[in-house]
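Scroll down for the structure; my scribbles are underneath it.
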Amino acid sequence: MITVNHYLLLSAILFAIGTFGVLTRKNAIVIFMCIEVMLNSVNLTFIALSRHVGNMDGQIFVFFVMTVAAAEAAVGLALMIAFFRNKDSIDTDDFNMLKW
Amino acid sequence: MENLVQEAIQNVNFQAIMPSLVLCVFGMVILMVSVFSKRGSTTHVAWLSIVALVVTGFVALTGWNNPQAGFAGSVLFDNFATFFSMICIIAAALTILMSDDYLKREGYPVSEYYSLILFTTAGAMWMASGTDLMTIFLGLEVLSVSLYVLAGFFRNQVRSNEAGLKYFFLGAFSTGFLLYGVALLYGVTGTTKLEGIAAYVRANPESAMNTMFIAGGALLLIGFLFKVAAAPFHMWTPDVYQGAPTPITAFMSAGPKAAAFAALMRVSIVGLDGLQSELTSMFWILAVLTMTVGNFIALSQKDLKRMLAYSSISHAGYAMVGLVAWNEIGHSAILFYMLVYTFMNMGAFAVLVLIGKKGENNLTLEGIAGLGYKKPVLGIVLTIFLFSLMGLPPTAGFTAKFYIFAGAIEAGYIWLAVLGVLNSAVSLYYYLRVMVQMYFKDPEEDFAWVSINPPVAISIVISVVGVLYLGIFPNSLMNLAKLAGF
Amino acid sequence: MADYLLSMMTFFPLLGILILLFLPRDNGGLLKGFTLAVSLITFAISLPLAFDNVFTTSGGMHYREFYQWINIGDFFQMNYNIGIDGISLWLVMLTTFITPITILSTWNAVEKNIKGFMVMLLLLETGMLGAFISLDLFLFYVFWELMLIPMYFLIGIWGGKNRIYAAVKFFIYTAVGSLLMLVAIIFVYYYAQQSGTITNGFGIQELYKLDLPYNAQFWLFLAFGFSFAIKVPMFPLHTWLPDAHTEAPTAGSVILAAVLLKMGTYGYVRFAMPLFPDALPTFIPFLAFLSVVGIIYGSLVAMMQEDIKKLVAYSSVAHLGFVMLGVFALNLQGLAGGMIQMVNHGISTGALFLIVGFLYERRHTRLITEFGGIATKMPIFATIFMIILFSSIGLPGTNGFVGEFLALMGAFQGGLRWYAVFATTGVILAAVYMLWVYQRVMFGKVTNPKNENLKDLSVREIIIMLPLLLFVFWIGIYPNTFFSKMNPAMEQMLIQMGANPVAVVEMHQPAAVEHAVDHAETQTEHK
Amino acid sequence: MYSNLWLIPFFPLIGSIFNGLFGKKIKNEAVIGGIATGLMFLSFLVAAQNLFKLLGDTKKVHELVIASWMTVGNFQLNWELLLDPLSAVMIMVVTGVGTLIHLYSIGYMHGEEGYYRFFCYLNLFAFAMLMLVLGGNALVMFIGWEGVGLCSYLLIGYYYEKKSASTAANKAFIVNRVGDFGFLCGLLTLFWALAEKGVWTLNFVKIAESGHLLESGGLLITVVTLSFFLGATGKSAQIPLFTWLPDAMEGPTPVSALIHAATMVTAGVYMIGRMNGLFAMAPATMMTIAIVGGLTAFFAATIGLAQNDIKRVLAYSTVSQLGYMFLAMGVGAFSAGIFHLMTHAFFKACLFLGSGSVIHGLHHAYHRAHLHDDPQDMRNMGGLRKKMPITFITFLVSTIAISGIPFFSGFFSKDEILWWSFGSTRGHWLLWLLGAAAAGMTAFYMFRLVFMTFFGEQKTDARARDHIPESPFTITIPLMVLGFFALIGGYIGIPKILGGVNRFDAFLAPVFEQAQHANEIHAHGTLATEYTLMAISVAIATVGIFIAWVMYIKNPELPAKFVARFSRAHKVVFNKWYIDELYDFLFVSPCKRLGTFLWRGFDVKVVDGVVNGCAWVIKGLGTGLRYTQSGYLYNYAMAMVVGVVVIVGFLVF
């Protein structure tokens with residue numbers, strides 16, 4: 001029997017994986033993907049909880065999250081392209097002009 | 001099904017989102033106008049956005065003492081929202097006033113810039129008026145996404161790109177935490193409405209206080225703390241502020257920050273009322289940490305924008321003191337503080353906008369040596385803003401700080417107040433250093449490139465008047481802040 | 001007119017600034033002349049106060065003005081609440097009196113950015129006057145901090161070689177103290193509010209009636225006292241002073257010494273001590289000790305200085321030690337001595353700074369070794385210097401004596417006998433360092449060829465000094481002009497501080513005391 | 001009745017102000033000097049009038065309140081003057097001798113650059129001195145007390161271009177200030193002690209009335225009187241504060257005569273006389289005073305033996321004579337002390353003025369001969385009696401007077417002191433011995449001075465010899481007048497055993513008698529003892545004179561041999577027992593070192609170091625924290641994650 005806890009655990013693991021990825025990866029695209037993993041793990045949580053709680057709010061929320069994620073993706077990729085044009089790299093180690 | 005639609009339509013109250021609607025419409029109009037405009041001519045668009053903001057301002061003011069709820073309780077445009085909306089509108093207007101010439105100087109005269117600012121403002125107003133985590137989240141994202149673009153707006157400038165990217169990644173990252181927090185809260189309480197969450201906690205005081213609820217609350221707030229640049233979620237601030245176009249930096253430090261505070265306040269006070277004791281102790285530590293980190297690091301900064309970024313971090317720390325106090329005075333104080341901060345910080349940035357050369361590599365401490373002699377008026381106004389940032393009478397910075405610390409002391413947080421004022425003492429040093437350069441050093445350059453154009457002048461005048469008026473006669477707005485507070 | 005006299009006096013310089021801003025920048029003479037006129041008119045406005053006999057009969061506040069300023073319901077209220085009594089009277093007069101003198105002294109000294117300089121001086125005057133007449137703690141704080149700004153610029157822009165360090169140090173040092181005071185001010189307010197005694201915002205007269213628990217008073221006194229001690233400055237919080245004085249332009253030094261330092265001592269008398277009388281006995285031995293250390297320490301360090309201005313600066317530390325000792329005696333004699341010594345120090349040390357300024361203008365150095373034999377070249381200067389010097393030493397017949405003597409007498413009466421004995425050694429040391437520097441600068445033969453062509457004081461410079469000399473002798477010979485107006489207010493203040501204004505430690509002849517207490521009580525009723 | 005009393009100090013004050021303000025413009029020496037002297041003389045006339053009025057008055061104590069001074073609560077102080085026999089004597093001395101010295105100065109200071117300045121100071125001094133003696137309360141007295149110190153400072157440093165002069169001036173003032181410290185402490189303690197008993201006063205009459213409230217012989221009164229006595233030692237150059245007086249000879253000679261011989265230095269004696277009631281109540285203090293006085297008389301005399309500078313010999317002689325006066329005060333012979341004060345004023349002023357006349361003459365001669373020899377060195381003198389006959393005669397009279405040869409003024413006063421020091425209830429034979437020994441030495445060194453200066457062969461440089469003139473009449477008239485009083489001044493106080501009635505004693509009795517009676521102070525002994533002692537002292541003086549004659553007239557080579565024989569002792573004496581060096585070692589240089597240390601070591605390094613250290617630490621922390629801001633995205637993300645974990649953890653647990 002798969003309970004809500006299983007879903008929650010799974011999404012937590014996914015979330016953790018995403019977080020870990022953000023912390024460890026250097027490629028901007030990969031980092032972005034990791035963030036997407038995080039967001040989607042949240043979506044999973046919402047849906048599971050929506051089912052558990054018994055109302056639709058969670059599912060509605062997921063739609064918003066997905067929309068927003070799409071918008072973010074558009075903006076984020078655009079920014080990355082702009083950066084790539086100037087620096088020929090999207091390695092986060094090259095984000096090093098602004099510091100201290 | 002019929003019933004549902006009926007109910008929904010009844011619940012819909014466009015009055016409640018009218019200000020943001022107006023802004024969005026104007027934003028889209030501007031996009032359209034820009035399509036038909038000559039390339040590179042943006043002045044009319046800028047003035048059009050000013051018109052938009054003025055109209056919005058009037059619309060928003062109708063909400064004063066006339067709270068409008070709508071969308072099944074997801075939006076509440078009350079005094080609180082009005083006050084914050086006005087702050088955001090003022091910030092946006094000041095930003096636009098200082099932008100036109102700046103964009104031309106830097107070679108990006110693009111109309112989308114203005115519509116993005118309008119969208120950001122709209123998002124900020126949603127954040128301030130949202131009473132459902134869903135609307136607040138939407139506002140936050142509208143605001144963020146627009147800001148990501150604005151921060152990276154100078155697409156051929158690596159610095160700007162980097163600022164945009166860093167902001168984007170960290171912003172999205174923090175959104176993940178925020179959402180996870182929302183999800184957890186939803187799981188416990190079954191609702192995303194702030195009132196609903198609070199009601200659930202009131203109904204089940206024992207069972208609601210579980211790990212999931214607390215963790216959810218914490219994660220949620222962290223999302224906003226990221227936006228207000230509270231330590232340790234402040235690290236994006238200096239980089240982004242330094243890299244972003246200067247007017248945008250100014251805007252970010254005022255409007256979106258105020259919106260984030262609005263959300264932070266509404267969420268903690270309305271939604272997470274049950275966690276008061278936990279949250280105040282958390283805010284206590286974070287406030288001290290934030291101001292200390294901001295002030296200490298600012299001491300050794302040479303770049304003015306970066307220095308003001310750290311200063312902005314520390315000011316977020318001061319404002320959080322009002323949250324620690326968790327009393328009426330503290331809450332209204334935050335409102336007042338954000339308003340004052342808008343004036344003084346935007347004013348300071350406006351001066352920087354004026355004195356920067358193309359590329360803004362001269363916005364360093366050495367770069368403004370002798371400014372007070374070559375451009376005395378600019379020198380004086382910058383001095384006034386700096387004194388205000390220090391919190392010295394008779395400027396608004398003082399009254400605002402007084403208000404904040406009054407809240408803390410009334411609530412019995414003496415040590416917090418002491419740490420706060422000691423922190424301001426530390427901060428004196430780096431603000432004074434600017435004045436040292438402006439007045440105590442001989443000019444090395446003639447600042448001939450500085451031309452004071454009317455829009456920027458207007459923004460500076462508004463800021464100066466705001467800073468001095470609120471410093472000397474703060475009565476009226478303090479009272480408004482009191483009425484707008486919780 | 002009398003209803004608004006204090007406001008007019010305080011804000012007239014501000015009005016002057018407004019006009020000054022529109023005067024042509026290059027016309028130095030006009031700017032100076034105008035500023036001088038403004039300050040003289042301010043002095044004229046304040047003059048009726050000095051002749052008002054109401055101070056001799058009543059120790060309460062006069063010339064009250066009261067307007068609501070900020071009123072945020074139950075949050076807080078601040079009022080524009082001002083007034084003057086015998087304690088602030090002479091400090092106000094000193095301020096309006098010394099400002100024209102400083103302006104006159106800058107006639108040739110300031111070349112750079114005259115407009116800015118004059119603006120700063122006038123702004124400073126407003127700040128100082130405001131602080132002396134504020135009866136609302138919040139208002140006081142506003143003026144108190146307002147003074148920092150012009151002084152910072154005076155030191156930083158028109159100062160000497162090391163001016164930046166000195167200006168920043170001055171600013172931050174003083175601000176640290178005052179910020180802590182701000183916390184204390186707010187705390188007092190809310191305590192009063194919670195205990196229901198607040199009717200009048202931060203008005204000190206209501207706050208005087210507050211009955212704070214000892215523990216709170218202890219910390220509050222510490223906060224206020226710390227802030228004021230920095231301003232005084234008391235040992236060991238004095239190190240900003242020599243730097244600030246050395247680097248400041250003459251006018252800045254004069255105002256700093258003459259008025260700004262008085263803020264600290266005045267703050268003790270008006271705020272720290274009467275607001276927290278229960279904590280007072282705990283602190284007095286400690287503070288008296290620091291005062292005495294300040295006297296001896298300041299004198300010893302002054303003795304070895306190589307820069308005349310630094311010497312005067314350290315001598316200030318010593319002089320203010322006497323002021324504080326007198327004030328802490330908690331009796332009429334001591335307080336009167338302290339108060340009059342504040343005025344004296346303003347006159348004498350102000351004059352000494354002017355004198356150093358005269359030398360500096362002529363030779364652009366202040367090193368003692370650069371001088372010698374000046375008396376031959378500048379006899380009038382030598383005479384004036386001598387008189388001021390003896391006033392500073394506290395020679396009987398000059399103002400310095402009256403203050404020092406009463407302060408010491410008060411300390412003796414008030415149970416600070418041993419402190420007073422040690423403080424009296426300061427009398428010797430003052431003579432040592434002052435006479436020594438005079439000898440090295442003025443006496444002997446002219447050895448440095450650069451001193452050969454020194455010109456004696458000009459008419460303008462003599463005019464600057466004459467009023468100061470007048471008061472040197474006036475206060476020395478007939479101080480009752482001043483005491484008669486201070487006494488009632490001081491008596492009332494001492495009662496507020498929890499001291500019997502006429503008490504000796506043990507009383508053996510109650511008759512006299514009863515009479516005095518009656519007197520004091522009638523005073524209170526008047527209020 | 002005595003309402004014109006205020007005129008006495010007022011006249012010189014006017015003179016001082018007038019000369020100070022306009023003297024430079026006037027330039028005319030006759031006008032300047034004339035005004036100063038004339039006003040002084042007016043003052044003398046008023047003083048004389050008041051004295052005669054007082055002589056005929058039954059009420060001997062009169063107060064005159066001029067104005068209020070300080071009124072603070074119970075403490076009410078007036079500008080008030082007090083005329084009683086004691087102050088009457090003093091004003092006569094001050095105005096009398098003062099007038100003569102003013103007159104003398106007209107001639108002596110002729111041609112000096114700062115002529116007007118000199119008279120301005122001199123008049124100011126007279127004013128201050130008169131305030132001192134007339135002061136009706138301790139604080140008015142203190143005005144005069146410090147005022148004379150100021151004038152002394154100004155006048156010693158009159159030749160301010162000379163380093164030694166300005167140094168001596170500083171020394172005088174500062175050493176005096178040490179004394180003033182004592183005075184102030186005494187004053188404050190007294191006031192406090194009396195105020196505790198409910199008497200808020202500094203008025204001398206009231207102090208005298210309420211002195212009994214204090215415990216006689218108690219600690220308090222001892223402390224008070226000792227403090228006052230410390231003040232007196234400063235002003236009157238007693239051990240341990242006498243070192244300034246010899247240096248003070250840097251001032252012009254009339255100054256030495258007026259201030260450092262006749263008037264100011266006696267202020268300490270006067271002050272003790274003024275408060276005799278208190279002093280009499282403190283036997284311990286009295287004993288201290290007597291011992292200090294006796295020792296000073298003795299040691300100063302030893303130093304005087306070996307000095308070669310004519311004025312320095314006189315200076316040490318003054319210190320020594322002042323010691324006598326203190327000895328008198330200490331043993332309770334108040335009127336004898338004052339008596340000696342008066343006679344000393346006459347003969348010592350005369351001696352100083354005489355020496356001034358000599359110096360003036362020699363200076364003139366050297367000037368004419370374009371020489372730069374020291375006109376004050378006695379080794380350059382000799383045989384001057386023929387060149388300066390008037391100077392010589394008056395000088396000789398005064399020398400005899402000071403040596404205590406019978407029927408000259410000094411004899412009467414000195415002898416009374418010696419008798420009291422032996423026979424008084426507060427006396428002791430050791431005190432007498434000190435006094436007698438000092439008397440012998442006095443006779444010796446004074447005659448040594450006379451012999452070296454006026455007798456023997458003329459050792460002045462041959463080129464200058466013929467230019468030595470007798471001084472002008474403005475100089476000689478004061479000499480003659482003073483010489484005359486040195487001769488006869490003692491006759492107003494002829495002791496009873498010599499058949500006199502001692503009018504002087506009787507006149508002062510109202511002031512002193514009460515205290516003496518109350519504290520059982522009187523001299524007792526048989527007439528025989530008194531005669532014997534008198535004889536012994538006369539004998540000692542004669543022996544002293546004889547030795548001087550032997551050494552300086554009969555065998556002029558003797559002194560050199562003597563010095564060679566006792567070279568070490570001579571060196572010690574010649575160098576004034578190394579007291580200056582000792583003080584330098586004990587006080588001056590430690591103070592300087594302490595000051596330097598406190599400044600450079602403590603103030604800059606420690607106090608300011610803490611301040612700057614705070615700033616430095618904060619800035620260092622800031623710089624350190626700054627590097628956490630590495631610029632790398634994953635570091636920022638890491639910080640956030642850590643923050644999240646900590647906060648969530650903190651809240652959950």
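Order of the sequence lines sets the chain letters (A, B, ...), proteins ahead of strands, with each chain counted from 1. Quick caveat, the model's predicted, so the values are computed rather than measured.
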Report which part of [X] has an atom under 4.5 Å of a heavy atom belonging to chain C: side chain, backbone, both, or neither.
X	answer
D/Y159	neither
D/R600	side chain
D/L202	side chain
D/I143	both
D/S227	neither
D/V607	both
D/L139	side chain
D/N612	side chain
D/L594	side chain
D/W145	neither

For the rings on D/F119 and D/Y115, is their centre-to-centre separation under 6.0 Å?
->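 So the answer is yes for these two rings.
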D/F142 ring center within less than 6.0 Å of C/F401 ring center |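 Yes, the ring centres sit under 6.0 Å apart.
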Contacting region of [X] [heavy-atom separation from chain D under 4.5 Å]:
X	value
C/I477	both
C/M386	side chain
C/F235	side chain
C/M303	side chain
C/W436	both

Distance in Å, D/L184 CG paired with D/T189 OG1, rounded so as to fall on 0.5 Å steps =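 One gets 10.0 Å once the value is rounded to the nearest 0.5 Å.
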Separation between CE of C/M339 and CG of C/N487, rounded to the nearest 0.5 Å |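 The CG atom of C/N487 is 11.5 Å from CE of C/M339, to the nearest 0.5 Å.
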More than 12 foreign heavy atoms under 6.0 Å from OH of D/Y583: is that the case here?
->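 More than 12 within 6.0 Å, yes.
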Exercise: identify the closest heavy-atom pair between C/I393 and C/E404 |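 Nearest heavy atoms, C/I393 then C/E404: O-OE1, 3.8 Å.
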Please determine if C/K310 and D/D603 form a salt bridge, counting it only when a charged side-chain N lies under 4.0 Å from a carboxylate O.
->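 No, this pair does not count.
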Basic-acidic side-chain contact under 4.0 Å: D/K197, D/E209 |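 So D/K197 does not pair with D/E209 through a salt bridge.
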How about D/F127 and D/S16: do any of their side-chain heavy atoms sit closer than 4.5 Å?
->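 Contact flag for D/F127/D/S16 side chains = no.
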4.5 Å side-chain heavy-atom contact, C/F482 and C/V402 |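 Not touching, per the 4.5 Å side-chain cut-off.
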Only pairs of heavy atoms separated by less than 4.5 Å count here; which of [options] has the most with chain D?
options	result
C/V301, C/L300, C/V421, C/I428	C/I428
C/K169, C/H238, C/Q305, C/M442	C/Q305
C/G410, C/S299, C/A431, C/G444	C/G444
C/Y297, C/F483, C/Y478	C/Y297

Residue from C/F385, C/F371, C/Y433 passing ring-ring contact (aromatic ring centres under 6.0 Å, His included) with C/Y438 =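 That would be C/F385.
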Stepwise ring-ring contact (aromatic ring centres under 6.0 Å, His included) test for D/F75 and D/W200 | CA-CA 6 Å; D/F75 174 63; D/W200 293 68; 7.9 Å; no
Output the option from D/K162, D/K592, D/K163 having the highest count of non-hydrogen pairs under 4.5 Å with chain C.
->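 Of D/K162, D/K592, D/K163, D/K592 has the most heavy-atom pairs under 4.5 Å with chain C.
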